[in-house]
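Note that the structure is a prediction, hence the values are computed from the model and not measured. So you know, we letter chains A, B, ... as the sequences are listed, proteins then strands, and number each from 1.
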Protein chains: 2
Amino acid sequence: MISLEQQKNPNPEDFPSELQGLRMTKQRREVLAVILAERDHPTANDVFSRAQDRMSTISLATVYNCLEALVSHKLVRQVNFERESSRYCPNLSDHCHFQDEESGKIHDVVFKEGVKLEDLLELPQGTEISHLEISLKGNFGK
Amino acid sequence: MISLEQQKNPNPEDFPSELQGLRMTKQRREVLAVILAERDHPTANDVFSRAQDRMSTISLATVYNCLEALVSHKLVRQVNFERESSRYCPNLSDHCHFQDEESGKIHDVVFKEGVKLEDLLELPQGTEISHLEISLKGNFGK
DNA sequence: GCCCAAATTTGGAATTATTCTAATTCGGGT
DNA sequence: ACCCGAATTAGAATAATTCCAAATTTGGGC
């Protein structure tokens with residue numbers, strides 16, 4: 001079983017037939033492989049065109065379906081910046097995203113050791129957070 | 001000069017003819033008044049229909065234009081949750097947003113006293129953040 | 001007060017990302 | 001090999017937002 005988080009050029013064939021309870025069809029495998037292959041944050045369209053290289057018959061609708069399935073089974077993370085189109089991220093560890101305004105490129109940003117959300121925010125007690133997204137924009141100092 | 005942050009039912013007429021370098025036209029005044037009137041987080045469409053109550057001739061395109069102008073002049077904040085349509089927030093103080101999954105309602109969440117972003121994230125040094133958005137989803141404990 | 005250029009507003013068309021639909025194909029289990 | 005539900009597909013539909021070009025309004029100078 002490969003590590004879904006580390007390997008650089010995963011081979012779709014290496015994926016088991018089921019991951020996190022999700023059946024790994026040809027297309028889902030391919031979509032997942034595309035996302036794992038690069039550490040960038042491709043849009044659905046990016047994924048579509050990369051997937052087409054090896055599977056010319058795949059459709060955009062399928063890419064959307066696969067992404068939805070992979071995201072809901074927590075094999076991939078969906079990343080949003082304001083109203084831009086969603087991007088997809090293979091990094092499942094706790095982190096957030098920084099977009100360099102010059103290049104448009106997105107970088108993962110990790111939390112400092114031991115930081116908890118409750119330490120940061122005045123949350124009404126009893127609040128349960130099911131989803132958290134932190135998005136930063138800016139630029140690396142001149 | 002009224003406080004843009006506190007007053008409950010602002011009257012568009014109370015706004016000066018220019019705010020933050022932005023000319024206050026009739027429509028911009030009205031859009032701003034609509035947003036200040038309630039502490040909820042209306043979408044562009046919500047703003048449009050509320051604005052129509054008092055200014056029946058206003059167009060949706062104008063509402064979008066006005067919102068854009070108000071946001072870029074920092075009179076109003078734009079709030080995003082994943083791919084949902086943008087919402088607009090009159091609260092200009094430093095805060096983030098929590099969406100109750102049951103009601104869909106959005107609540108402002110303030111940062112704890114003295115918390116700085118650098119304390120939370122491993123940002124490459126020299127990074128300048130120009131925009132930060134933190135969005136939470138969840139529910140208030142049962 | 002009147003005229004002009006510039007800015008704003010307007011309605012409708014266009015765009016874009018995404019979702020839906022209905023038909024086809026696939027793949028695992030018998 | 002056959003069946004059935006799930007997955008894939010192409011294309012249409014949708015929804016939010018932006019664009020466009022024309023009409024209107026504005027403020028500043030005379």
J.: Output a table of donor-acceptor pairs, distance under 3.5 Å, between side-chain atoms of residues 112-122 of chain A and any protein atom two or more places apart or on a different chain; print 'none' if there are none.
T.:
unit_1, atom_1, unit_2, atom_2, d
A:Lys112, NZ, B:Glu118, O, 2.9
A:Asp119, OD2, A:Lys116, N, 3.4

J.: With sequence neighbours left out, write down each residue that passes side chain to side chain donor-acceptor pair (under 3.5 Å) with B:Asn65, or none if nothing qualifies.
T.: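 Checked B:Asn65 against side chain to side chain donor-acceptor pair (under 3.5 Å); zero matches.
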
J.: Listed by chain and number, what are the side-chain contact (heavy atoms from CB on, under 4.5 Å) partners of B:Ser59, not counting sequence neighbours?
T.: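 For B:Ser59, the residues satisfying side-chain contact (heavy atoms from CB on, under 4.5 Å) (neighbours in sequence not counted) are B:Ala61, B:Thr62.
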
J.: With DNA chain D as reference, determine whether B:Ser85 or A:Leu22 sits nearer its 5' end, using the nearest nucleotide of each.
T.: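 Final value for this comparison: A:Leu22.
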
J.: At under 4.0 Å between heavy atoms, which parts of nucleotides 24-30 of chain C does protein reach? Answer with one letter per nucleotide, 5' to 3': B base, S sugar-phosphate only, - none.
T.: ---S---

J.: Going by the rule side-chain contact (heavy atoms from CB on, under 4.5 Å), which residues pair with B:Tyr64 if we only count those two or more places apart in sequence or in a different chain?
T.: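 With neighbours one apart ignored, the set is B:Ala44, B:Leu60.
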
J.: Which pairs, with at least one residue in residues 16-63 of chain B and sequence neighbours excluded, count as a ring pair (Phe, Tyr, Trp, His ring centres under 6.0 Å)?
T.: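 Checked against ring pair (Phe, Tyr, Trp, His ring centres under 6.0 Å) - neighbours excluded - the pairs reaching residues 16-63 of chain B are B:His41-B:His97.
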
J.: Name each donor-acceptor pair under 3.5 Å that joins a side chain in residues 70-77 of chain A to protein atoms two or more places apart or in another chain, with its distance.
T.:
unit_1, atom_1, unit_2, atom_2, d
A:Ser72, OG, A:Glu68, O, 3.2
A:Ser72, OG, A:Ala69, O, 3.2
A:His73, ND1, A:Ala69, O, 2.9
A:Arg77, NH1, A:His95, O, 3.0
A:Arg77, NH1, A:His95, ND1, 3.3
A:Arg77, NH2, A:His95, O, 3.1

J.: Tracing side-chain links under 4.5 Å among I, L, V, M, F, W and Y, which residues wind up in one group with A:Val79?
T.: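 Members besides A:Val79, by chain and number: A:Phe81, A:Ile106.
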
J.: Near DNA chain C, counting only heavy atoms under 4.0 Å, which residues of residues 56-65 of chain B show up?
T.: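 Heavy-atom contacts with DNA chain C come from B:Thr57, B:Ile58, B:Ser59, B:Ala61, B:Thr62, B:Asn65.
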
J.: Check every nucleotide of DNA chain D for an atom under 4.0 Å from a heavy-atom of chain B, then give the first and the last such nucleotide from 5' to 3'.
T.: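 For DNA chain D, the relevant span reads D:dA16 to D:dT26.
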
J.: Does any donor atom in the side chain of A:Ser130 or B:Glu101 lie under 3.5 Å from an acceptor atom in the other side chain?
T.: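 A donor-acceptor contact under 3.5 Å links the two side chains.
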
J.: Going by side-chain contact (heavy atoms from CB on, under 4.5 Å), name the residues that satisfy it together with B:Glu82, two or more places apart in sequence or in a different chain.
T.: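 Per chain and number, B:Glu82 pairs via side-chain contact (heavy atoms from CB on, under 4.5 Å) with A:Asn80, A:His131, A:Glu133, B:Lys137.
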
J.: Judged by each residue's nearest nucleotide on DNA chain D, which is more toward the 5′ side, B:Ser86 or A:Thr25?
T.: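 The residue whose closest nucleotide sits nearer the 5' end is A:Thr25.
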
J.: Quickly work out the A:Gln78 CD to C:dT19 C1' distance and round it to whole Å.
T.: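 One finds 13 Å between C1' of C:dT19 and CD of A:Gln78, rounded.
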
J.: Which comes earlier along DNA chain C counting from the 5' end, the contact point of B:Met55 or that of A:Arg83, where each point is its nearest nucleotide?
T.: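 Residue closer to the 5' terminus by nearest nucleotide: B:Met55.
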
J.: State which residues pass side-chain contact (heavy atoms from CB on, under 4.5 Å) with A:Asp100; sequence neighbours excluded, sorted by chain then number.
T.: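 Counting only residues at least two positions away or on another chain, A:Asp100 forms a side-chain contact (heavy atoms from CB on, under 4.5 Å) with A:Phe98, A:Glu102, A:Ser103, A:His107, A:Asn139, A:Phe140.
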
